[in-house]
2 protein chains.
Amino acid sequence: MPFKTPRKPLAQPAPAKGRRKAVQEPYHHGNLREALLDAGIQLLKEQGAEALGLRELARQAGVSRTAPYRHFESRDALLAGIAEQGFVKLREVLLQARHQHEADHEAWFIAASKAYIGFAFGYAEHFKLMFGGYMKYEPDQHTSLHEAGNGAFQTLVDLIVASQESGLVMKGDPMAVSIAAWSTLHGFCSLAVHKRLDFLVGNPELLTRTAELVARTSLEGVRAR
Amino acid sequence: MPFKTPRKPLAQPAPAKGRRKAVQEPYHHGNLREALLDAGIQLLKEQGAEALGLRELARQAGVSRTAPYRHFESRDALLAGIAEQGFVKLREVLLQARHQHEADHEAWFIAASKAYIGFAFGYAEHFKLMFGGYMKYEPDQHTSLHEAGNGAFQTLVDLIVASQESGLVMKGDPMAVSIAAWSTLHGFCSLAVHKRLDFLVGNPELLTRTAELVARTSLEGVRAR
DNA sequence: CGCGATAAGTTGACATCGTCTACATACCTG
DNA sequence: CAGGTATGTAGACGATGTCAACTTATCGCG
């Protein structure tokens with residue numbers, strides 16, 4: 001029962017990491033910023049977003065309660081950082097589906113859909129944090145988070161545009177069509193991670209079939225007719 | 001600037017309201033339970049779910065901070081009560097769509113879809129509370145909330161079953177098909193109320209078109225083929 | 001009609017949290 | 001080596017949810 005995590009013995013003092021902006025990477029105590037993010041991701045997975053307190057994260061990182069304020073201007077900013085990592089990961093899995101099936105648009109579509117669903121179920125708490133109302137989110141602030149989200153969304157838009165050109169998917173504003181296709185996947189995932197599909201719990205086989213139906217539904221909903 | 005709301009002068013002492021369960025209706029101070037729910041719904045609409053503090057609600061109702069505990073065992077229970085009212089309202093608007101178009105299944109489907117979207121946009125904060133992670137939700141506890149949710153969902157299942165019989169919608173497990181159709185609507189609404197569709201903000205005309213596309217997508221996704 | 005039980009409301013206290021201000025320390029740069 | 005700045009710490013404040021103990025009003029029953 002670890003009440004007090006002793007300060008983690010970092011491998012390197014490590015201020016060697018490229019300085020893309022202006023102010024980064026702690027100097028005399030190891031890189032707290034990433035330590036906080038890592039602890040947060042860990043805690044998020046184990047206990048959910050409500051457990052992500054600034055003081056708790058500080059405790060886990062072995063620093064004092066107000067230390068995080070040197071790296072995040074508020075709790076929301078820290079949550080935004082964690083959510084951002086989620087969007088990066090989501091984009092990765094979507095790109096992976098693309099690279100495996102880029103030639104066949106229909107296969108690409110289905111693979112991307114399953115990747116999205118797989119991410120939501122595999123990182124349920126992360127998914128909730130990314131899309132739920134756990135923090136204040138104003139797109140024109142949180143620009144970094146916003147861009148990460150757009151980066152993930154863009155992979156879907158790319159898929160839709162390609163599929164429109166090949167005649168698989170209906171014509172029309174690519175944004176609107178992308179949102180329509182995305183909505184189907186997202187709605188299913190959102191309902192599932194928030195436990196609103198208790199019809200399916202305890203029946204993993206039915207859940208799998210429903211997930212596949214949803215992936216197909218997403219495609220059929222926007223298929224060219 | 002009402003700092004202290006004086007105790008509301010109730011029209012009647014009012015313990016005359018049908019006693020469906022066993023323990024209800026406050027005795028010596030007016031009916032606090034409903035006053036709290038009403039204040040909560042009001043505050044929810046104005047300020048969002050985070051503003052729904054037990055103490056704040058008590059303040060608005062003109063009672064002391066711990067008085068709500070005589071009617072709700074915790075803050076979550078109060079939120080659940082408010083969310084439950086939302087599901088009742090949602091069911092109402094879905095039933096209204098049904099009664100206006102029951103004969104034509106396709107019209108019924110589209111009307112129900114638009115009603116769902118209309119509810120989400122018209123009661124955005126309520127919608128977030130109902131489906132987001134603002135409170136702990138375990139279906140086997142919160143049975144009242146759970147049933148209210150199922151009541152609303154059932155209107156969609158009825159629609160799907162009827163549409164399957166008339167050949168509009170594909171065959172298959174009605175639950176799974178209902179979830180697939182619902183997912184499309186819900187995903188769009190969820191993304192919108194959480195401000196994840198900033199592509200559309202400031203362009204209400206595009207938003208309207210996208211909403212209609214989504215309603216159609218929901219149907220096309222499960223249409224018989 | 002009166003009296004006890006009980007529902008309803010109040011006050012006080014506690015632990016926790018996010019955040020602010022002021023202070024201390026380590027590191028880098030000139 | 002000196003000074004500045006990035007980083008970390010301690011203390012305090014107001015706010016919240018919840019518990020325990022106490023008070024008051026209302027109901028039900030003999």
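Numbers restart at 1 for each chain; the letters A, B, ... are given by sequence-line order, proteins then strands.
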Next on the checklist: Is there a side-chain contact between A:Ser64 and the phosphate of D:dA10, meaning an N or O under 4.0 Å from OP1 or OP2?
Outcome noted: yes
Next on the checklist: In this structure, how many angstroms lie between the C1' atom of C:dT21 and the CZ atom of A:Arg70, rounded?
Outcome noted: 10 Å
Next on the checklist: Determine whether A:Ile160 and A:Phe109 satisfy the following criterion, side-chain contact (heavy atoms from CB on, under 4.5 Å), listing intermediate values before the conclusion.
Outcome noted: CA-CA 8 Å; A:Ile160 293 297; A:Phe109 198 118; 3.9 Å; yes
Checklist entry - For the pair made of OH in A:Tyr69 and P in C:dC17, what is the distance, rounded to whole Å? => result 12 Å
Item to check | Expected output: side-chain A:Thr208 to main-chain A:Pro204 donor-acceptor under 3.5 Å | outcome: yes
Checklist entry - Taking atom P of C:dT16 as reference, at what distance in whole Å does atom CG of A:Leu57 sit? => result 17 Å
Checklist entry - Among C:dT11, C:dT19, D:dG8, which is the nearest nucleotide to the side chain of A:Arg55? => result C:dT19
Checklist entry - 5'-most contact on DNA chain C: A:Glu73 or A:Glu56, nearest heavy atom basis? => result A:Glu56
Checklist entry - Is any side-chain N or O of A:His71 closer than 4.0 Å to OP1 or OP2 of D:dG8? => result yes
Checklist entry - Expressed in angstrom and rounded to an integer, what is the separation of B:Met135 atom CE from D:dG17 atom C1'? => result 17 Å
Checklist outcome for this item: Checking C:dT19, C:dT10, D:dT18 against the side chain of B:Ser74 (C-beta onward), the nearest is D:dT18
Checklist entry - How long is the line joining CG of B:Leu54 and C1' of D:dC19, in whole Å? => result 13 Å
Item to check | Euclidean distance, atom CG of residue B:Leu79 to atom C1' of D:dT16 [Å, nearest integer] | outcome: 13 Å
Next on the checklist: What I want to find out is whether A:Asp158 reaches A:Arg98 closely enough, with some N-O distance under 4.0 Å, to be called a salt bridge.
Outcome noted: yes
Next on the checklist: Quiz question: going by heavy-atom distance under 3.5 Å, is there a donor-acceptor pair between the base of D:dG11 and the side chain of A:Arg65?
Outcome noted: yes
Item to check | Distance-only donor-acceptor test (3.5 Å): side chain B:Thr66, base C:dT11 | outcome: yes
Checklist entry - Does NZ or CZ of A:Arg196 lie under 6.0 Å from the centre of the six-membered ring of B:Tyr137, at an angle within 45° of the ring axis? => result yes
Checklist entry - Among D:dT18, D:dT9, C:dC17, which nucleotide sits nearest the side chain of A:Arg59? => result C:dC17
Next on the checklist: Assess whether a salt bridge exists between A:Lys128 and A:Glu125, defined as any Lys/Arg side-chain N lying under 4.0 Å from an Asp/Glu carboxylate O.
Outcome noted: yes
Item to check | Protein-nucleotide distance (A:Arg75, atom CZ; C:dT16, atom C1'), rounded to Å | outcome: 13 Å
Item to check | Length of the line joining A:Glu50:CD and C:dG18:C1', which is rounded to integer Å | outcome: 16 Å
